[in-house]
Amino acid sequence: MTHQPTPHHTVTVVSCPRCDANPTTTCARCDGAGKRRAQFVLTVANLDTAAVASATIVPGAVTPTRTDDDRAWCLDLAPVVADLAAQAGAAHLYDPELPGEPIYTPWTELPAGWQPDLPAHQRHALEAGPIAAEGYDPWRIWYGHTTPPPPADPTQRLGELCDTAELLCLDLVIEARRSSSAPDSDHFHWDIRYELPGSPVPASTGRYNTFTDAATRVDTGRACFELIDRSQHAPAHHVTPRPTNGIPLGPPPVDADQLERRIVADCTALLTGAPTPGAHAIWRDGRWWHTTLRPTGVKTRDGRGERLARSWQPPPPSWQGPPIPYLPCPDCTHLPHWEDCDCDRIGGCRTCAGSHRIYHGATVTISAGRRRVRHLNWPPLNGQPEAAPPIGTHPGGKPLHQLPPEYQLTHQLTALGLDPTELATLDGQLMFLRDHELLHGYATIHQPDTDPVTAYLEAVTNGHPGGRILLHATPPQVPPLATVVTLAHRLGLAAVISLADYSRNAGNPHQVQGLRWGVCFAPPHLTGHLGRWNPGAHHPSLPKAIAHALEYIRNASDHAVPTDPTIPIPAPHHPNPDNDDGQGDDPVPALTTLAAHHPGLAVTALLTPHHCEIHLPNGPHRTKVIATATTLTEAVAAVVTVS
């Protein structure tokens with residue numbers, strides 16, 4: 001197979017394969033223009049060295065091969081991506097938006113008339129249409145690291161997940177489910193996930209096609225994904241972890257083959273041999289509990305399927321403590337079936353954030369690594385107003401109280417040797433909006449005669465089903481900021497970095513404390529204003545801001561593609577890292593100096609390879625340029641000197 005870049009001054013334009021240039025059709029793929037470029041770009045970026053390798057896919061760039069069934073000719077681009085990974089020195093490629101999933105490489109079948117012995121111009125004309133059809137995603141970027149991770153072993157992975165479930169006091173659920181569209185099929189959708197005990201069976205099927213795929217591709221982060229969403233109506237209980245009593249610590253032995261066979265067998269009724277909708281294996285209290293799934297007769301919200309339930313529930317876990325008191329959300333109870341309220345966590349009911357309950361107690365679970373876990377049970381302190389004395393008022397006049405040390409996470413984090421700025425929710429779905437209150441035990445009184453502890457518990461449990469606040473304090477594994485800036489430049493993008501220094505707010509409990517970061521990639525030609533590309537200074541740690549920028553790189557790459565289909569898409573290619581391995585000057589010292597010079601303001605640096613702009617806020621969603629220079633160091637020096 002060969003692939004060659006095309007000259008930058010030429011590109012083939014064809015009629016849009018979707019709307020066929022019909023002028024009466026509004027097509028999202030071509031924006032109604034009726035034509036598209038027969039080109040897309042594949043890029044591999046090494047996050048360790050900032051090396052970048054790209055291939056331009058145009059007619060004639062790739063030698064077609066036969067399909068696996070020898071039915072037709074096709075463009076199989078998997079070898080192209082593998083070659084790019086080798087050039088960039090990157091192993092274990094992954095999609096920025098789906099880090100735990102295999103990457104998808106385009107595979108395009110060519111028209112029946114394509115033959116290798118045709119003249120070149122005829123072959124290229126036949127290839128242009130299928131390539132243009134793949135151009136809906138015109139610039140595809142994958143990440144990789146220099147060293148690949150060790151191969152996943154299903155038995156070891158399941159053992160580690162069971163061990164983590166015990167430490168976190170959660171259920172580990174392995175699910176096999178038949179498709180609702182083929183209830184008699186022997187093909188199963190598999191899922192491995194964490195749940196709060198008593199959670200209902202989710203409406204959606206699993207994301208994996210085989211048990212082996214599920215067991216090797218899931219990790220703790222993926223198993224926790226959407227945990228808060230699917231456990232919205234789980235019973236609320238405090239946690240009392242059982243003592244080990246000499247039980248050996250570490251992953252339990254798991255027979256993966258036997259476990260899979262048992263789950264598959266449970267998908268068939270024992271007495272009648274009829275297929276059941278699916279089955280669960282639940283790890284709880286150091287053993288597996290097995291149950292089949294049964295239909296409930298209740299339609300799912302979209303009306304396309306039927307809700308399922310377990311045929312049998314295992315006994316309550318030994319670590320389940322007393323119930324957490326709660327009241328029904330007053331803004332959800334007016335619905336006929338408030339338990340099925342479809343308001344979501346983020347954009348739905350603000351009173352309860354979608355949990356439909358107002359909790360008067362909480363259990364906070366903090367993890368840092370696999371074996372460092374602490375559970376904090378916070379009951380209400382009814383009748384003890386002196387336990388949370390007032391410490392001030394907000395600018396609007398609302399009283400501010402501080403709870404006792406046992407309700408302040410700073411004390412617990414200090415005991416564990418953890419960095420408070422790295423706290424995040426375990427499922428990765430809910431922004432950690434209550435970090436200020438949780439860290440310091442601050443309670444704002446919105447209504448007169450409200451108990452401060454009750455107000456505090458209602459606030460911090462908002463959006464956390466079961467009264468469980470599941471947190472981790474493990475910083476994301478990301479490259480240094482200097483490497484991120486170098487990577488942006490080698491991709492032909494700009495790096496936009498915001499930083500706000502709130503150190504002068506120390507001692508003012510109603511104000512933001514410490515540093516706040518923001519990082520994003522942006523299209524290369526931003527001049528005079530940032531507009532939507534200002535990341536804002538919202539993240540309490542720089543690694544979190546970098547992780548956010550890396551995940552959402554497509555926001556910038558999509559806008560960097562020329563809108564005119566006659567202009568080719570640039571293909572960045574820097575496969576050989578510089579002598580400093582992609583590590584340029586560290587921008588952090590200059591940025592912190594700049595932020596300290598403008599306390600309380602989010603200063604923003606726009607960095608391109610040969611240009612730097614420094615911006616300050618100038619009204620809502622606007623900025624003003626206060627300095628320009630060739631480098632960040634020169635721009636900061638100009639600002640500090642002039643001031």
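Only this structure's heavy atoms are used, side chains among them; waters, hydrogens and symmetry mates stay out.
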*Under the side chain to side chain contact (heavy atoms under 4.5 Å, CB included) rule, what do Val218 and Tyr208 come out as? Steps first, then yes or no, please.*
CA-CA 10 Å; Val218 75; Tyr208 305 108; 4.3 Å; yes
*Parallel, tilted or perpendicular: which fits the ring planes of His187 and His189, with parallel below 30° and perpendicular above 60°?*
perpendicular
*Just do the salt bridge (Lys or Arg N to Asp or Glu O under 4.0 Å) check on Glu195 and Arg193 with the steps written out, would you?*
CA-CA 7 Å; Glu195 291 182 355; Arg193 59 181 181 260; 2.7 Å; yes
*Under 3.5 Å, side chain of Thr461 to main-chain N/O of Ala362, donor-acceptor pair present?*
no
_Quick check: closest heavy atoms across Pro277 and Leu293, and the distance to 0.1 Å?_
CD-O, 3.1 Å
*Would you say the side-chain atoms of Lys544 pair up with the backbone N or O of Leu423, donor to acceptor, closer than 3.5 Å?*
yes
_Value rounded to 0.5 Å, distance of CG in Leu84 from OG in Ser54_ = 7.0 Å
_Face-on cation placement of Arg357 at Tyr359 ring, 6.0 Å and 45° thresholds_ = no
*Verify whether one side chain among Thr363 and Asn377 offers a donor that lies under 3.5 Å from an acceptor in the other.*
yes
*Are any side-chain N or O atoms of Asp419 and backbone N or O atoms of Thr421, one a donor and one an acceptor, separated by less than 3.5 Å?*
yes
*Which residues share a side-chain hydrogen bond (donor to acceptor under 3.5 Å, both in side chains) with Asp69, sequence neighbours left out*: Thr67, Arg71
_side chain to side chain contact (heavy atoms under 4.5 Å, CB included) partner of Pro479, the single match among Val484, Leu487, Thr49, Val485_ = Val484
_Looking at every non-hydrogen atom in both residues, tell me the closest pair between Glu101 and Arg207 and how far apart they are._
OE2-CD, 3.7 Å
*Test Leu172 against Tyr194 for side chain to side chain contact (heavy atoms under 4.5 Å, CB included), laying out the working first.*
CA-CA 5 Å; Leu172 177 68; Tyr194 289 125; 3.7 Å; yes
*For Ser541 and Glu422, does a side-chain donor sit closer than 3.5 Å to a side-chain acceptor?*
yes
*Start with the C-alpha gap between Arg222 and Arg217, add the side-chain angles, then the distance that decides, and say whether side chain to side chain contact (heavy atoms under 4.5 Å, CB included) holds.*
CA-CA 9 Å; Arg222 175 59 68 174; Arg217 286 159 54 184; over 6 Å; no
*Mind listing the closest non-hydrogen atom pair of Thr216 and Ala152 along with its distance?*
O-CB, 3.4 Å
*Just checking, Arg178 and Phe188: is the charged tip under 6.0 Å from the six-membered ring centre and within 45° of the axis?*
no
_Test item: Leu227 and Leu426 side chains (from C-beta on) under 4.5 Å apart, heavy atoms_ = no
*Is there a side chain to side chain contact (heavy atoms under 4.5 Å, CB included) between Leu196 and Arg468 once you walk through the steps?*
CA-CA 9 Å; Leu196 297 184; Arg468 294 286 304 271; 4.0 Å; yes
*Of all the heavy-atom pairs spanning Thr212 and Pro154, show the shortest one and how long it is.*
CG2-CG, 4.5 Å
*Roughly how far, to the nearest 0.5 Å, is the CG atom of Leu439 from the NE2 atom of His411?*
11.0 Å
*So do the side chains of Leu75 and Pro64 get within less than 4.5 Å of each other, counting heavy atoms only?*
yes
*Report the distance from atom OH of Tyr552 to atom SG of Cys520, rounding to the nearest 0.5 Å.*
13.0 Å
*Are any of the side-chain heavy atoms of Ser367 and Leu168 separated by less than 4.5 Å?*
yes
*asked:* Whether the Thr43 and Trp139 side chains hold a donor-acceptor pair (N or O, under 3.5 Å, no angle test) is what I'd like checked.
replied: yes
*Check whether any side-chain N or O of Ser231 sits under 3.5 Å from a backbone N or O of Ala234 as a donor-acceptor pair, and report yes or no.*
no
*Any side-chain heavy atom of Leu308 sitting closer than 4.5 Å to one from Arg177?*
yes
*Atom pair CH2 (Trp319) and CZ (Arg284), whose distance is rounded to the nearest 0.5 Å*: 6.5 Å
*Might you work through the salt bridge (Lys or Arg N to Asp or Glu O under 4.0 Å) test for Glu134 and Arg140, ending with a clear yes or no?*
CA-CA 11 Å; Glu134 285 285 349; Arg140 308 174 193 202; 3.1 Å; yes
_Check: His573 side chain, Ala53 main-chain N or O, donor-acceptor pair, under 3.5 Å_ = no
*Relative to Trp289, does Arg287 satisfy both conditions: NZ or CZ under 6.0 angstrom from the six-membered ring centre, and within 45 degrees of the ring's axis?*
yes
*asked:* Test: ring-ring contact (aromatic ring centres under 6.0 Å, His included). Region: residues 65-89. Which pairs qualify, not counting sequence neighbours?
replied: Trp73-Trp114
*Side chain Glu260, main chain Phe211, donor-acceptor under 3.5 Å*: no
_Over all atoms of both residues, closest heavy-atom pair of Phe40 and Asp137_ = CB-O, 4.2 Å
*Do side-chain atoms of Trp378 reach the backbone of Glu406 as a donor and acceptor pair under 3.5 angstrom?*
yes
_Exercise: do Glu166 and Trp283 side chains pair donor with acceptor under 3.5 Å_ = yes
*asked:* If you compare all heavy atoms of Thr155 against all heavy atoms of Ala256, which two are closest, and at what distance to 0.1 Å?
replied: OG1-CB, 3.7 Å
*Is the closest side-chain heavy-atom distance between Pro197 and Gln320 below 4.5 Å?*
yes
*Can you find a side-chain donor-acceptor pair between Thr146 and Asn46 that sits under 3.5 Å?*
yes
*With rounding to the nearest 0.5 Å, note down the distance linking OG1 in Thr425 to CG in Leu470.*
9.0 Å
*What residue among Arg374, Arg372, His472, Gln412 forms side chain to side chain contact (heavy atoms under 4.5 Å, CB included) with Leu418?*
Arg372
*Regarding Thr291 and His280, is there a side-chain donor-to-acceptor distance under 3.5 Å anywhere?*
no
*Would you say the side-chain atoms of Arg310 and Gln313 include a donor-acceptor pair closer than 3.5 Å?*
yes
*Do the ring centers of His145 and His92 come within less than 6.0 Å of each other?*
no
*Tell me, do Thr147 and Asp48 make a side-chain contact under 4.5 Å, heavy atoms counted?*
no
*asked:* Taking Arg262 first and then Asp266, would you say they form a salt bridge - that is, a charged N and a carboxylate O separated by under 4.0 Å?
replied: yes
*Quick one: ring pair (Phe, Tyr, Trp, His ring centres under 6.0 Å) partners of Tyr94, sequence neighbours excluded?*
Tyr143
*According to the interplanar angle, ranging from 0 to 90°, do the rings of His548 and His539 count as parallel (below 30°), tilted (30 to 60°) or perpendicular (above 60°)?*
tilted
*asked:* Can you confirm whether Leu376 sits close enough to Val239 that some side-chain heavy atom of one is under 4.5 Å from a side-chain heavy atom of the other?
replied: no
*Can you find a pair of side-chain heavy atoms, one from Ile57 and one from Val41, that are under 4.5 Å apart?*
no
_Check: Thr292/Ser311 side-chain N/O donor and acceptor closer than 3.5 Å_ = yes
*Nearest 0.5 Å, what's the CD1-CG distance between Ile141 and Leu93?*
13.0 Å
*Just by distance, with hydrogens left out, do Thr65 and Asp76 show a side-chain donor and acceptor under 3.5 Å apart?*
no
